[in-house]
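Below you'll find the structure, written out as structure tokens, and then a few comments.
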Amino acid sequence: MKNKELAEIFNRIADALEFQGANVFRVIAYRKAARTLEELAEDIAVLNKQKRLDSLPGIGRAIAEKINEYLTTGKMKKYDEVTKAIPAQLLNMLDIQNLGPKTLALAHKELGVKDLKNLKKVIEDGSLAKLPQMGNKKVENIKKGIEFYERGHERMSLEIAEETANRIVEYLSKKAKITKITPAGSLRRCKESVGDIDILATGKQGAKIIKHFTRFPETKRILAAGATKGSIILKGGIQVDLRIVDPKSYGAALQYFTGSKAHNVRLRNIAKFKGLKLSEYGLFRDKKMISGKNEQEIYNILGLIYIPPEMREDRGEVELALKNELPRLIELKNIKGDLHAHSTYSDSTATIKQLADFAQKLGYEYILITDHSKSARYAHGVEQKRLYRQWEEIDNVNNKMKRLHVLKGAEVDILPNGKIDYSDKILKKLDLVIASIHQGFTRNVTERMCAAMDNPYVDIIAHPTGRLISSREGYTIDIYRVMEKAAATGTWLELNAYPDRLDLNDVNLKAAKEMGIKIAIGTDAHNIEGLLWMRFGIATARRGWLESKDVVNTHPFKNLLRSRKINKK
DNA sequence: GCCGTTTTCGGCCCGACTGTTTTCAGTCG
């Protein structure tokens, strides 16, 4: 699929245009098209062939033509033009904090800066500081930006973001005079990875609170400290922004700082259309504030029903909210059991009994034990003899449990040769079977997965794309074809709730739902606490617009096994 | 460059902070 490739190209064109000082809205247009392509589950080439490009948001005639040009000739004139005119290394530097397109262009034009090495040189010899509008402090900030840039600035997992935000909220709540405080931004939207942490608070003495904030023990550097806004970098490199607003603006500020940017633009447009103005301070008619305290009220006055933060990405939620047709998103309390958990039989530290006890404590009706199959040597995969022993143990545990059912499952490897790692004879005896790829990430993954789904005993495909958020792209795979096969065979696809996986991701989940595919949420726990990751699974499911009915482990125990594909034919 | 319950042309969100300046430009979110 060329989707990602094209997205990259359009982002690159946007960078170049920005550098050249083009109309900012043209730049935004290219970025929007790039975003659409990044999030598209379907193959852009297929859409192009069917002449359906104009149905995509942010893609009009000009960009559609460019896409077609690239898909048919392998080239794009516009892209060649801009990359020829501007060295790639120059555009990369736009990622440096405090160094924007204007300054970079100035340095390029006046001092001949072409790469990072040049830039450092003109900083050191003082020539950059002498340019118009520049000065020592500005240059100093760019220098700090370079340091940050060179260390690498990865996004953090949702789990780390949550922990970090909690620590800061606790610190601020203790001493500063704050009436309300909450994380906002992408953390509140539960995005799979968080770039920096936004926190919103109310209080009378903004400057004092900000000052206290900058003294947070983990602070490494203070980026800004005003009367209503402060910004710090923690020792681990995480940036945290704090905004203080008046209580009467709390709802508007919460709405604004939760974002996403694209979602907010839509809302402000609607406000404008109604002759109103929406800002982080409130909703205004002329100069008069008509709402601001309460977030929900703002949505309602604009004619929308309340949109949950997880949906606020401008992926069609605004249109549905206008028509009062938003899905009723799944909640953690709808979950009746965990469908992916490892025990000490393979590579977990938790015994079956411990998992069962904790699952019961969580209020579950069932838990599926899914240890690795025999070929997974790295994970102490379970061979036949030990599998039988595990079944005995599960029977014993079940006898002791009050309410909870421990189910016999397995996470069976789909081997590089396409075979399933247990015989059908064994699979048949299991309550539920998960199949997954752990080897041969580039070898016919799509075909192997599709073949696995043809097996009537394979109920679930685990972490279907194989990506690790922090470190790995994922398998070489056509996820759309995999989803088509899942829909055709009635195989469930997993939403793996392990914070570094969250796979399927939000965008793929939404596509899967539209195709009628059922989702199984499993934590992939390798210890007791891992079962608590379910909340990240739920957050991601909500980002994928899933409702209770789309997720199989919202079924009560008596219906769960009945809904297997083998029992439906 | 996109898009339309307005407007097929003319909009396209808007404010805080900083640093450079004496009224504003650049960057960021």
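Every chain is numbered from 1, with letters handed out A, B, ... down the list of sequences. Since the model is a prediction, treat every value here as computed from it, not as a measurement.
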Charged N to carboxylate O below 4.0 Å: is that the case for [X] and [Y]?
{"X": "A/R315", "Y": "A/E39", "value": "yes"}
{"X": "A/K513", "Y": "A/E547", "value": "yes"}
{"X": "A/K49", "Y": "A/E42", "value": "no"}

Under 3.5 Å, is there an N or O donor on one side and an acceptor on the other linking the side chain of A/Y256 and the base of B/dG29?
-> yes
[X] [atom1] to [N] [atom2], straight-line distance once rounded to whole Å:
{"X": "A/N23", "N": "B/dC2", "atom1": "CG", "atom2": "C1'", "value": "11 Å"}
{"X": "A/Q255", "N": "B/dG29", "atom1": "CD", "atom2": "P", "value": "18 Å"}
{"X": "A/Y281", "N": "B/dG15", "atom1": "OH", "atom2": "P", "value": "8 Å"}
{"X": "A/I63", "N": "B/dG1", "atom1": "CD1", "atom2": "P", "value": "7 Å"}
{"X": "A/R266", "N": "B/dT5", "atom1": "CZ", "atom2": "P", "value": "10 Å"}
{"X": "A/L131", "N": "B/dG19", "atom1": "CG", "atom2": "C1'", "value": "15 Å"}
{"X": "A/L128", "N": "B/dT20", "atom1": "CG", "atom2": "P", "value": "11 Å"}
{"X": "A/I270", "N": "B/dC13", "atom1": "CD1", "atom2": "C1'", "value": "13 Å"}

Identify each donor-acceptor pair in which a side-chain atom of residues 128-140 of chain A lies under 3.5 Å from a protein atom, sequence neighbours left out, and give them as a table.
unit_1 : atom_1 : unit_2 : atom_2 : d
A/K138 : NZ     : A/Q133 : O      : 3.3

Can you check the distance between [N] and [M], where both ends of the measurement are the [atom1] atom (answer in whole Å)?
{"N": "B/dT5", "M": "B/dG1", "atom1": "P", "result": "23 Å"}
{"N": "B/dT21", "M": "B/dG26", "atom1": "P", "result": "13 Å"}
{"N": "B/dG15", "M": "B/dC9", "atom1": "C1'", "result": "28 Å"}
{"N": "B/dC17", "M": "B/dT23", "atom1": "P", "result": "23 Å"}
{"N": "B/dT6", "M": "B/dC2", "atom1": "P", "result": "22 Å"}
{"N": "B/dC28", "M": "B/dC13", "atom1": "C1'", "result": "14 Å"}
{"N": "B/dG19", "M": "B/dG11", "atom1": "P", "result": "35 Å"}

Contact class for [X] vs. all strands (heavy atom < 4.0 Å): base, sugar-phosphate, or nothing?
{"X": "A/N264", "value": "nothing"}
{"X": "A/K66", "value": "sugar-phosphate"}
{"X": "A/A271", "value": "nothing"}
{"X": "A/A225", "value": "sugar-phosphate"}
{"X": "A/K32", "value": "nothing"}
{"X": "A/F257", "value": "nothing"}

Contact check, side chains of A/E38 and A/F10, non-hydrogen atoms, under 4.5 Å | no
Just by distance, with hydrogens left out, do A/N48 and A/N68 show a side-chain donor and acceptor under 3.5 Å apart?
-> yes
B/dT8 pairs with which nucleotide, Watson-Crick or G-U wobble, both distances below 3.5 Å?
-> none
Taking only the side-chain nitrogens and oxygens of A/R268, find out if one of them lies under 4.0 Å from OP1 or OP2 of B/dC13.
-> no
May I ask you to evaluate whether A/N141 reaches the phosphate of B/dG19, defined as a side-chain N or O under 4.0 Å from OP1 or OP2?
-> yes
Using the purine O4'-C1'-N9-C4 or pyrimidine O4'-C1'-N1-C2 torsion, is B/dT5 syn (within 90° of 0) or anti?
-> anti
Would you kindly check if the NZ (Lys) or CZ (Arg) of A/K180 is within the cone defined by 45 degrees around the ring axis of A/Y250 and under 6.0 Å from the six-membered ring centre?
-> yes
Of all the choices, B/dG1, B/dG29, B/dG15, which nucleotide is nearest to the side chain of A/K261 once you look at every atom?
-> B/dG29
Assign each of A/F273 and A/S279 the nucleotide of DNA chain B bearing its closest heavy atom; nearer the 5' end lies the nucleotide of A/F273
Could you pick out which residue, A/I28 or A/A62, lies toward the 5' side of DNA chain B when each is mapped onto its nearest nucleotide?
-> A/A62
With A/Y70, which of A/K77, A/E5, A/K2, A/E65 fulfils side chain to side chain donor-acceptor pair (under 3.5 Å)?
-> A/E5
Output one line per pair: protein atom, nucleotide atom from nucleotides 23-28 of chain B, and distance, for all N/O pairs under 3.5 Å.
unit_1 : atom_1 : unit_2 : atom_2 : d
B/dG26 : O3'    : A/T103 : OG1    : 3.3
B/dT27 : OP1    : A/G100 : N      : 2.7
B/dT27 : OP1    : A/G100 : O      : 3.2
B/dT27 : OP1    : A/T103 : N      : 3.1
B/dT27 : OP1    : A/T103 : OG1    : 2.5
B/dT27 : OP2    : A/K102 : N      : 3.3
B/dC28 : OP1    : A/N98  : N      : 2.6

Please table the atom pairs, donor to acceptor, closer than 3.5 Å between any side-chain atom in residues 97-109 of chain A and protein atoms at least two apart or in another chain.
unit_1 : atom_1 : unit_2 : atom_2 : d
A/Q97  : NE2    : A/Q239 : OE1    : 3.0
A/N98  : ND2    : A/N141 : O      : 3.1
A/H108 : ND1    : A/V113 : O      : 2.8

